[in-house]
Asks: 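Below you will find the structure I want to go over with you.
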Amino acid sequence: MRFFSLYKFEEIKRALNLNGSEVIVDMGGGTGELGEYLMDSCSLIYILDESDKMLSKVKVNEKIIPMQGDALSTGFESKSIDVVILSDVFHHISNQGKLLEEIERILKRDGKLLIMDFEKKHFRTKLLILFEYLLFGKLYFKTKDEIIDILTESFKIDKIIDKGYYFIIVGLNRC
């Protein structure tokens, strides 16, 4: 991510417009770098990832809690989370419908879901897809419009930030 300048921390922070009291889950948060960037803007951030190796690099403190687990079955209580972040994660999940169901379950009413991902039809993304395919195998990229269509079933679209090769979408949980 750093090598390709794909971290969009400041843009994510601006898009979320945090007030400091939120409990956040960074799904697929890996080493916790985004969580570390956001920790002064929220009350607590969970870094959820499948990889113990990645989570071992998280700088744990009173505001950052690493959790090894599955994004499709997080173990969080229903309606207990204010914000869920999927930064460069959505295209790694094969069962995106089940992922969104789990996010809808754990988010409070009007809780925020932020998806930062890459436009699959853009040339830069095609290079990224090749690179990630070599590292991770099968990927499930969607266009910005395809993701918006999927989200509108359960979320009210609050923001769309389109930067060409990547985009940020913020949805509000309707349930």
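In this chain, residues are counted from 1 in sequence order. Reckoned from all heavy atoms, side chains included, excluding hydrogens, waters and symmetry mates.
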Asks: When you compare the side chain of Leu99 with that of Val89, does any pair of heavy atoms fall below 4.5 Å?
Replies: no
Asks: Who pairs with Lys79 by side chain to side chain contact (heavy atoms under 4.5 Å, CB included), at least two apart in sequence or on another chain?
Replies: Asn173, Cys175
Asks: Kindly list each side-chain donor-acceptor pair under 3.5 angstrom involving residues 16-28, sequence neighbours excluded, with atom names and distances?
Replies:
unit_1: Asn19; atom_1: OD1; unit_2: Ser21; atom_2: N; d: 2.8
unit_1: Asn19; atom_1: OD1; unit_2: Ser21; atom_2: OG; d: 2.7
unit_1: Glu22; atom_1: OE1; unit_2: Asn19; atom_2: N; d: 3.2
unit_1: Glu22; atom_1: OE1; unit_2: Gly20; atom_2: N; d: 3.0
unit_1: Glu22; atom_1: OE2; unit_2: Asn19; atom_2: N; d: 2.8

Asks: Side chains of Ile47 and Ile64: does their closest heavy-atom pair fall under 4.5 Å?
Replies: yes
Asks: Is it true that Lys98 and Glu101 make a salt bridge, defined as a side-chain N closer than 4.0 Å to a carboxylate O?
Replies: no
Asks: I'd like a table of donor-acceptor pairs (distance under 3.5 Å, sequence neighbours excluded) in which one partner is a side-chain atom from residues 150-158, with atom names and distances.
Replies:
unit_1: Thr152; atom_1: OG1; unit_2: Ile148; atom_2: O; d: 3.4
unit_1: Thr152; atom_1: OG1; unit_2: Asp149; atom_2: O; d: 3.0
unit_1: Ser154; atom_1: OG; unit_2: Glu104; atom_2: OE1; d: 3.0

Asks: Side chain of Ser73, backbone of Asp70: donor and acceptor closer than 3.5 Å?
Replies: no
Asks: Side chains of Pro66 and Val60, heavy atoms from C-beta outward: is any pair under 4.5 Å?
Replies: yes
Asks: Give me each pair satisfying ring pair (Phe, Tyr, Trp, His ring centres under 6.0 Å) with a member in residues 46-73, each pair once, sequence neighbours excluded.
Replies: Tyr46-Phe76
Asks: Donor-acceptor pairs under 3.5 Å, side chain of residues 35-42 to any protein atom, not counting sequence neighbours: which ones?
Replies:
unit_1: Tyr37; atom_1: OH; unit_2: Glu10; atom_2: OE1; d: 2.2
unit_1: Ser41; atom_1: OG; unit_2: Lys13; atom_2: NZ; d: 3.4

Asks: Between atom CZ of Phe141 and atom NE2 of His91, what is the distance when rounded to the nearest 0.5 Å?
Replies: 3.5 Å
Asks: Show the numbers, then the answer: is there a side-chain contact (heavy atoms from CB on, under 4.5 Å) between Ile106 and Glu77?
Replies: CA-CA 6 Å; Ile106 68 172; Glu77 289 185 31; over 6 Å; no
Asks: Of all residues at least two apart in sequence or in a different chain, which pass the side-chain hydrogen bond (donor to acceptor under 3.5 Å, both in side chains) check with Glu11?
Replies: Tyr166
Asks: With a 4.5 Å cut-off on side-chain heavy-atom distances among I, L, V, M, F, W and Y, is there a chain of contacts connecting Ile169 to Ile85?
Replies: no
Asks: I'd like to check Leu114 versus Val83 (side-chain heavy atoms, cut-off strictly below 4.5 Å). Are they in contact?
Replies: no
Asks: Is it possible for you to say whether Leu34 and Ile115 belong to one hydrophobic cluster, with membership spreading through side-chain heavy-atom contacts below 4.5 Å?
Replies: no
Asks: Backbone N or O of Val170 within a donor-acceptor pair of the Lys159 side chain at under 3.5 Å?
Replies: no
Asks: For the residue pair Ala71 and Leu48, what are the closest heavy atoms and their distance?
Replies: CA-CD2, 4.0 Å
Asks: Would you check if Leu72 and Ile93 make a side-chain contact, meaning some heavy-atom pair closer than 4.5 Å?
Replies: yes
Asks: Calculate, to the nearest 0.5 Å, the distance between atoms CD and CZ belonging to Gln96 and Phe90 respectively.
Replies: 3.5 Å
Asks: Hydrophobic clustering (ILVMFWY, side-chain heavy atoms < 4.5 Å, transitive) - are Leu172 and Ile168 grouped together?
Replies: no
Asks: Measure the CZ-CG distance between Arg105 and Leu100 for me, rounded to the nearest 0.5 Å.
Replies: 13.5 Å
Asks: Report whether Phe167 and Val84 are members of the same hydrophobic cluster (ILVMFWY, side-chain heavy atoms less than 4.5 Å apart, transitive linking).
Replies: yes
Asks: Is there a donor-acceptor contact under 3.5 Å from the side chain of Glu146 to the main chain of Thr143?
Replies: yes
Asks: Determine, stepwise, if the pair Lys112 / Asp82 fulfils salt bridge (Lys or Arg N to Asp or Glu O under 4.0 Å).
Replies: CA-CA 6 Å; Lys112 296 177 185 178; Asp82 298 298; over 6 Å; no
Asks: Does Glu102 use its side chain to pair, donor to acceptor, with the backbone of Thr74 at less than 3.5 Å?
Replies: yes
Asks: Do Ile45 and Leu86 sit in one hydrophobic cluster, given that two such residues count as connected whenever their side-chain heavy atoms are within less than 4.5 Å of each other, even indirectly?
Replies: no
Asks: Got a second to check how far Gln68's CD is from Ser51's OG, nearest 0.5 Å?
Replies: 8.0 Å
Asks: Mind checking the OG-CG spacing from Ser56 to Asp49? Nearest 0.5 Å is all I need.
Replies: 10.5 Å
Asks: Kindly compute the distance separating CG (Asp88) from CE (Met116), expressed to the nearest 0.5 Å.
Replies: 5.0 Å
